[in-house]
Every structure is written in structure tokens, then in C-alpha cells.
Amino acid sequence: MAKKIRVLVAKPGLDGHDRGARVIARGLRDAGMEVVYTGLHQTPEQIVEAAIQEDVDVVGLSVLSGAQMTIFPRICELLKENGAEDIMVIGGGTVPADDVKELKNGGWAKEIFTPGTTLETIVEWINSNVNTD
Amino acid sequence: MADHVDRLLEGDRRSAAKLITLIENELPEKEEIIRRIYPHTGKAHVIGVTGSPGAGKSSLIDRLVGTLRSEDLRVGVIAVDPSSPFSGGALLGDRIRMQEHALDRKVFIRSMGTRGTLGGLSRATKDVVKILDAYGSDVILIETVGVGQTELDIMHYADSTVVVLSPGAGDRIQAMKAGIMEIADLFVINKCDTADVTRIKNDIENMIDLSPLAKNWRPPVLKTSAFTGDGIGGLWDKLKEHKNYKNSCGSSATDSHKLKSELLEIMNGKVMARLNTGALSNGKMDEIIDSVLERRIDPYTAADTLLEKLICFREGA
Ligand code: B12
Ligand SMILES: Nc1nc2c(ncn2[C@@H]2O[C@H](COP(=O)(O)OP(=O)(O)OP(=O)(O)O)[C@@H](O)[C@H]2O)c(=O)[nH]1
Ligand SMILES: [Mg+2]
């Protein structure tokens, strides 16, 4: 059995916009990935603990609340504290271009997909950026 | 890998998670891992939780974990969801209802896709149970995908099997799948906060009366609500009672039956693997196919001949 890419799709904080997260979760499943979806209102601690137990390759944060500049760094910090900084962090949602740049430059997110990005683009990006040996 | 096994035995959750992945992906290291952890297994009480989709299996497990934690027991949960037969992907959503203990270090929850097996569980489940057992879990709860005709595998994996029903119309007893009586050690009627479930309870009791019990254990029919928590303590009491019952009848008979099916499954896998890795490809297969084509031998004789070669085949030989 070949390796399957495992992705945790997470909705941090009080942000109730879950449409995008659900669309992504289904889309990644239909692209052959195993997607763990944990529902709304997750704390950073819950997200990191789930990522570790589920041994995912990628944590995907969906943020439409404007809280990106605290959430992404916090997740990375917690992953590091738990010796799990090898898990890749990506995201999506209404994140302004300047923030995307800053988060990527700071190493807080490997990539961020803003509204309107096609599923194909996202699937292709994950497939070519996750090591599947 | 050696490090991961050592750390697993020290209770490291990251190593447990990594080893589970390795086993799910059926990497070559798998057998070595099992060989090393096997002496450390056999301690956990393995509980299967099955039942129709949406009956409340995940919610019930979340509650049950609470009861187990109040007795300071270490808990492992394996939640299986179906993999898509088309893409091979899976949406693993049981964790949504298992958030109560997300940060408790003595609770380890792992979601798995069925990855092409039909039995309501993934092929890796048995070995993942061993990992969580060696990790130190006192109780391991397995949530299967909804019960169906071929989805009765759980009885080969669990010490105790709970069948969860809800008062919905889909759970009419008449509609209950064949085989359910054989696998249920306990029946649970969940969501008893939403409706009067006396009728369903009576139906099930009647069904139990009518079915020839192979064992001296009559499956209790319990009422629970994962919403209010009603009946959860009673469920755990009955599970402990069932475990004691099993121990008292000298578990060896059922255990060796379970082991036999496990061994057959492993052998089956190994034979298929040998076939697929071309153990027969050294011209022998072609030669025999030619003989069949020319009608010098028939397909059954050909298969027997090939099987004999296969069994005698040794790596590197
Ligand atoms: C629909 C909607 C709602 C619905 C949500 C329904 C639901 N269950 O999801 C409702 C009406 C409930 C709602 C409520 C509110 N909303 Co609203 N909402 C929107 C709206 C119009 C569309 C969002 C959407 O569903 N898009 C469709 C999905 C498919 O797109 P998406 O989520 O962006 O996902 C895509 C990408 O971002 C990316 N992606 C997203 N997540 C992920 C994750 C991963 C892992 C990856 C790889 C990719 C990825 O991929 C997707 C495909 O391209 C947006 C405006 C907008 N332009 O986005 C405002 C918007 C998000 N809402 C906004 C606000 C302010 C609110 C409210 C606070 C309004 C209020 N005052 O009450 C409330 C808050 C609710 C709450 N509890 O959080 C603001 C947020 C501003 C901000 N970020 O600072 C927005 C941007 C509108 C605006 N321009 O002001 N909202
Ligand atoms: N009223 C009530 N609702 C419940 C109860 N238990 C579960 N539910 C609800 O029933 C729905 C399904 O619950 P789950 O726990 O996800 O059920 P499940 O059997 O694990 O579902 P699948 O894994 O999808 O087969 C959810 O909306 C729960 O909130 C209960 O005891 N009472
Ligand atoms: Mg469930």
C-alpha cells in the first residue's frame, strides 16, 4: 500500500466560516488524500495535539476571521515545543496579500490560498510539496 | 525505527503516531515492529463500538472516555471511516465528536480510513491495536463504520462488542442486519433523551429470546444518552462484567479462534504478496499458461502446480 497524504483541516478560534474548510476537506478527499476534520472552534493546542496523534503531513488552517497573524505563529510555536516542527503548515481564507507575504517570510506558513483559488491548484501544490516516499 | 519502538514503550505519543502510520502504509519495517512490541501487548481491554451511521458512536465514545478517565485509566481510540472507492481518499470526521479529551495526555485518538477493506475496519486495525496496547492503553475503543452485511469483522478484533442503535426509523429491529446477534455482547440504545425507547428495548429483548445463544452471556440492552450522560456509567459497568465473564470461561477458546483467523489473514496476505512480487515469473508461469492454452493440462491442475512452486519458493532461492 502506497503512502497516503494525510491532512488536518482545522478551524481555529471563534471563526464560524466553515464553508471553505468543508469544500477543501471534500476536495482533498476526492484527490485521494486522508483528511481529518475536527470541526469549528479549535484552540491552537487542540489543533497541534490532533496533528501529532493523527501524524498528518500537513496542517491546513482556514482563517476568515482576521486573526491570521496570531494563529499561524502560535501553531508553529506549539509544533516546535512538541518536537513536531516537521509537520507543514499551510492555510487559506481571507488573508490580505501583505499578511500572506509576512507569514511566508517569517516561516509561519509554507503557503496560503486566498479566496477564488481553484481546488486543482491547491491539490497540485500539496501533491508536489509533500514528500511521499 | 528502533528508536520509535523504544520511545513507544516509554509512552511517547509522537512515536506511537509514527509507528501507526508505518503500519497503515504497510512498510517493510512493519513485521519487525510487531515482532518487537508483541511481548508488550495483550493487556488492554479492547472494545468494539459499531452500529448504524449517526447512531452516536463517536459521541458515546467521548462520554465513555470521560468515565474511564475518572478511574484514571489510559485510553486509546481508533476511529475508522470509509475510504472512497473512487479516489482512495477519506474524510475522517469522528474527532469532531471526540473533543472533550483532546488535550488529555492519557487519551490517544487516531482516525483511519478503511483503505479498500470491506469489513468496516481497516486491514491495519489489528496491528494498530497492538501499538496502542504496547503504548500502555488500559482500554482501547474501536469505532467501526456502520454495520453492514460484511461488516462484522469487529468480533475478531475486540474482547467486547457494543452495538449502538438509535430510536430512528432506520433502526427498526426487523431491518437489523443478519449476523448482528452473533457479534453483539451488549446492545446500547442511544439518544434516549429524544424519545421513549421502551418499544425498541422490548423488540431487542424479544429478538434475544428467540435467538439460540451460543454462550452463557445474555447481551444486556442498555439505554444511554451521549447528550445528558445518562447510562454511560452503567455501560462501563456492564463492559467490565463482560470482560470478567470472558476471563472466567478461560479465554483460550475464543482467543485461539481469533488468532487462527489472524494467522490465516496474514498467510493470505503473504501468498498474495508472493504472487504479486513475481515469485512465479521466472518463465514458469508462461510455460504453464502455454500448456493450458494448448490444452495439455487444465486450469485447476495448472493452479495446483503453480501453488506448489509458490509454497516452496523462498526469498533468494
Ligand atoms: C458566507 C459568508 C458568511 C456566512 C458563513 C457561512 C458558513 N457556514 O461558512 C455567514 C453569513 C454565517 C457569515 C457570518 C459572518 N461573517 Co462572513 N462572510 C461570508 C463570505 C461572503 C463568503 C465566505 C465563503 O463561504 N466563501 C466560500 C468559500 C469556499 O471560500 P473560502 O472560505 O474563502 O475558501 C477558499 C480559500 O480561501 C481557500 N481556503 C479556505 N480555507 C482553506 C483551508 C485550507 C487548508 C486551504 C488549503 C485553503 C483554504 O480555499 C477556498 C477555495 O478557494 C465572506 C466574504 C468573502 N469574500 O470571503 C464573508 C466574510 C468572511 N465575513 C465576514 C464577517 C465580518 C462576518 C461576520 C463577523 C459578520 C457579522 N458582523 O456578524 C459573521 C461572523 C460569523 C462567525 N461566527 O464567524 C468578513 C470577515 C472580515 C475579516 N476577515 O476581517 C468577510 C470577509 C466579509 C467582508 N468583506 O467583510 N459570513
Ligand atoms: N439527542 C441526542 N443526540 C445525540 C446523542 N448522541 C449523538 N447525538 C447526535 O447524533 C449525531 C451523530 O452523532 P455521532 O456521535 O457523530 O454518531 P456516529 O454514530 O459516530 O456517526 P458516524 O460516525 O457518522 O456513523 C450528532 O449530531 C450528535 O450530536 C444523544 O444521546 N442524544
Ligand atoms: Mg462517528
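Below, chains carry the letters A, B, ... as their sequence lines are ordered, and counting in each starts from 1.
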Q. Of the listed residues (A:Arg26, A:Gln46, A:Glu54, A:Arg29), which shares the most heavy-atom pairs with chain B below a 4.5 Å separation?
A. A:Glu54

Q) When heavy-atom pairs shorter than 4.5 Å are enumerated against chain A, which of B:Ala16, B:Ser111, B:Gly93 gives the highest number? A) B:Ser111

Q. Given the options B:Ser84, B:Ser83, B:Gly88, B:Ala90, which has more heavy-atom pairs under 4.5 Å with chain A than any of the others?
A. B:Ala90

Q | Closest non-hydrogen atom pair between B:Lys130 and B:Ile34, with its separation | A | CD-CG2, 4.1 Å

(Q) Any non-hydrogen side-chain atom of B:His101 less than 4.5 Å from a side-chain atom of B:Asp62? (A) yes

Q) Between B:Ile140 and B:Ile47, is any pair of side-chain heavy atoms under 4.5 Å apart? A) no

Q. Does atom CD of B:Glu31 have more than 12 heavy-atom neighbours, drawn from other residues, nucleotides or ligands, at distances under 6.0 Å?
A. no

Q. What part of B:Arg105 lies closer than 4.5 angstrom to a heavy atom of chain A: side chain, backbone, both or neither?
A. side chain

**Q.** Contacting moiety of B:Val107, where chain A heavy atoms sit under 4.5 Å
**A.** backbone

Q: Could you have a look at A:Gly83, A:Ala84, A:Gly32 and say which one has the most heavy-atom pairs with chain B under 4.5 angstrom?
A: A:Gly32

Q | Polar side-chain atom of A:Lys11 near backbone of A:Ser62 as donor-acceptor pair, under 3.5 Å | A | yes

Q | Heavy atoms of other groups near B:Glu32 CD, more than 12 under 6.0 Å | A | yes

Q: Measure B:Phe108 against the heavy atoms of chain A and call it side chain, backbone, both or neither at under 4.5 Å.
A: both

